[in-house]
Amino acid sequence: MGVSASLDRAPPTPSYNAIVEDDEDEYKPEVKEEDEEEEQEYKPDVKEEDESEEELPLAARAQQKRKIKEEEEAEEDSDDDVPLTARKKPKKEVKQEKKSKKRRKEESEEEYDEEDYYEEKKKKKSSVSKSRTKVEAVTPEKKKKVKKEDEEGEVWKWWEEKKENDGRKWTFLEHKGPIFAPPYERLPSSVKFTYNGQEMKLSQDAEEIATFYARMIEHEYTTKEAFNTNFMKDWRKGMTEKERSIITDLSKCDFRKMHAYFVQKSEERKAMSKEEKKKIKEENDALTTEYGVCKIDGHNEKIGNFRIEPPGLFRGRGEHPKMGKLKRRIQAEDIVINCSKDSKIPQPPPGHKWKEVRHDNQVTWLASWTENVQGQIKYIMLNPSSKLKGEKDWQKYETARKLALSIDKIRQNYQADWKSKEMRIRQRAVALYFIDKLALRAGNEKDEDQADTVGCCSLRVEHIQLHEEKDGKPYVVVFDFLGKDSIRYYNEVPVEKRVFKNLQLFVENKKGTDDLFDRLNTQVLNKHLSELMEGLTAKVFRTYNASITLQQQLEELTDPNYSEAEMILAYNRANRAVAVLCNHQRSVPKSHDKSMGNLKEKIQTKKKQVKEAERGYKDAKKGGESKVMVDKKKTALDRLKAQLLKLEVQETDKEENKTIALGTSKLNYLDPRISVAWCKKYNVPLEKIYNKTQRAKFRWAIDMAGPDYVFVASKKKKKKEESDDDED
DNA sequence: CTTAGCACTTAGCACGACCAGA
DNA sequence: TCTGGTCGTGCTAAGTGCTAAG
């Protein structure tokens, strides 16, 4: 099966036969008139271009360009080379409680015409791919087995089953609905709130909202103006007429008693006896067993979040304009339930009704509600260990692997586009280059009422600096912007001259607050990408580059003779390379310095011990002690040395990990089969790499990948595929 | 087309359970 | 047994990207 042999256990994505050899012309790079010589640049008639005017001093060139630009602008509306923003309409009003249309297709979906077709296909396929799971092989009584298997926590090997490709996500779904936040309990009357020094008994609603704030007064959120303003506004809405007339100034509110009360409460909780804690845990487990599991297509699967978010104050990240707003309590009346028609419909709490019960098997969620702060829909969905999530995950990595097959082409393609005469194409090409090289996020447009963060397509001029030369390197672009979650991205990147010149062009005559890529947005980019490869979007590059980096790094950093500790350090380093690439950060753990100090101390002590042991050993040897004695000392010395090494490794690891979060990439970007294969190949226990949750999530990969699995075969080795069958 | 709505993935942080060393 | 620290887990915000509506 040639190239796709290593992919052939990959049902999720259709049509791998489309992928052929690297150099196959799969898509038409619409590069017009490609020029052979570097400098023999295609000359756009009106537009400026970059290289061929090399000789002109920069300033002169700039002027020239500016002039052209002006002309260009003068007749802008006639061509399609118009900044996208110019077409954009002003921001829409904030829609809080939009009535959503309920016209759904779910009623009709029971009978699909294609059904038979898929049945057919399934039958044909199943003779080949039907799994030989021990469980299933023995009994044809699948149903019975299944029940047993789930009770005992055995594995549903869905990845060995044929995947349907209609949009249907399930055929049977039954669950108990969500768990609601516990009702508000009033404060004991001994806990006083004072306003302007005056004791005040608050109404229930006002008190509840006050407690949300009181819990947070130690947090730096409460020092932010936006937080306080938003809170005050929403709090006042929850007050009675009378309260509202009195409480007008947050700074006159004294929440300290309330705060102290909660601190005390939490200490009491901590101080509970073993038995009490156990009892609570058991009650909790019981709830989890009842509500945390659903029945889907003959299997029990865990639900991810079956508890409704409790009311509280919205905590946005970064400078979120809505921070401090009240997140109101969710009732059954807010909840839409999704389940099978023929399932036991979940019961709303006594005296309540669901907002709606629907039976939409085109979606994966079990329940949803609209949150009031941002007007977004929240969902209750399955746990990552579920088939529905796992299959999607698997498919994601298969798409990334597929990208590997055409990445060379795509790179050539966008490099050629750097010279395009069309501005929008150049912008697209440079943006794509960043996405590919730097693993930037796509960068969708955002509303004003969210924190000001950007991704690639939404970069603004103020987010980059261009240096003809920096620290001895030519053509350096300095990126400095806030990305997702307001995490800062700072990077100094030497780029190709062409890219640099293009950027100078994009920046020209723009204010810092103007879009860098004014003729590009994510839809345009993704449209283009989907033409290059089926299923290709901007985010695939992140997955691809993350996974391939891990594979390469592992290859590079692993020495088969390593001890287990060294193996793990090697793995973490490879993982870290990816985390750095993807800019996955974390705040330095509070205890970092301290625990680092402890570690260092330990190392010192251990060093001393090693020295002593060394001396002891030498003395024994010289002193002509018995062979047994000498050997004993030698063993002791070796053990100490090993311990020291382990500590030192730990130290390195810890220091390097200070501000880098490994978890995110491990969970979301790294094809788990790479890690599994590596573990199997070098006999590293998988538990050292993946904890229990992670192993559950990646069960499919653990089962599937053998020691020889490769994410992508290294270049020009794609012929000998048969051996890459990762069976078992 | 553009835009809004929707579904789903990706993200860092807080907190509590648990564990190793004093 | 206590304590300090680490780690796992839950939580929920914040992204991406597709599609239907306007």
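These numbers come from a predicted model, not from an experiment.
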query = Could you state the NZ-C1' distance from K327(A) to dT12(C), rounded to the nearest angstrom?
reply = 6 Å
key: Comparing T364(A) and Q523(A) on DNA chain B - which has the more 5′ nearest nucleotide   = Q523(A)
query = If pairing requires Watson-Crick or G-U wobble contacts with both distances under 3.5 Å, which nucleotide is the partner of dG22(C)?
reply = dC1(B)
message = Any base atoms under 4.0 Å from G663(A), or only sugar-phosphate, or nothing? Heavy atoms, all strands.
response = nothing
message = Considering every strand and a 4.0 Å limit on heavy-atom distances, what is the contact class for G455(A): base, sugar-phosphate, or nothing?
response = nothing
ask   = Considering only dA7(B), dC8(B), dA13(C), which nucleotide approaches the side chain of K392(A) most closely?
value = dC8(B)
query = From dA7(B), dG15(C), dA11(B), pick the nucleotide closest to the side chain of T664(A)?
reply = dA11(B)
query = Quick one: does K484(A) reach the base of dT10(B) with a side-chain donor-acceptor pair under 3.5 Å?
reply = yes
inquiry  = Here's a test of your reading of the structure: between Y379(A) and D485(A), which maps to the more 5' nucleotide of DNA chain B?
reply    = Y379(A)
Nucleotide of dA7(B), dT16(C), dC13(B) approaching R586(A) most closely (side-chain heavy atoms) = dC13(B)
request  = Rounded off to whole Å, could you give me the CZ-to-C1' distance for the R542(A) and dG17(C) pair?
outcome  = 15 Å
task = Check every strand shown and say whether S587(A) touches a base, only sugar-phosphate, or nothing at a heavy-atom separation below 4.0 Å.
result = sugar-phosphate
ask   = What is the distance, rounded to the nearest whole Å, between atom CG of N444(A) and atom C1' of dA14(C)?
value = 11 Å
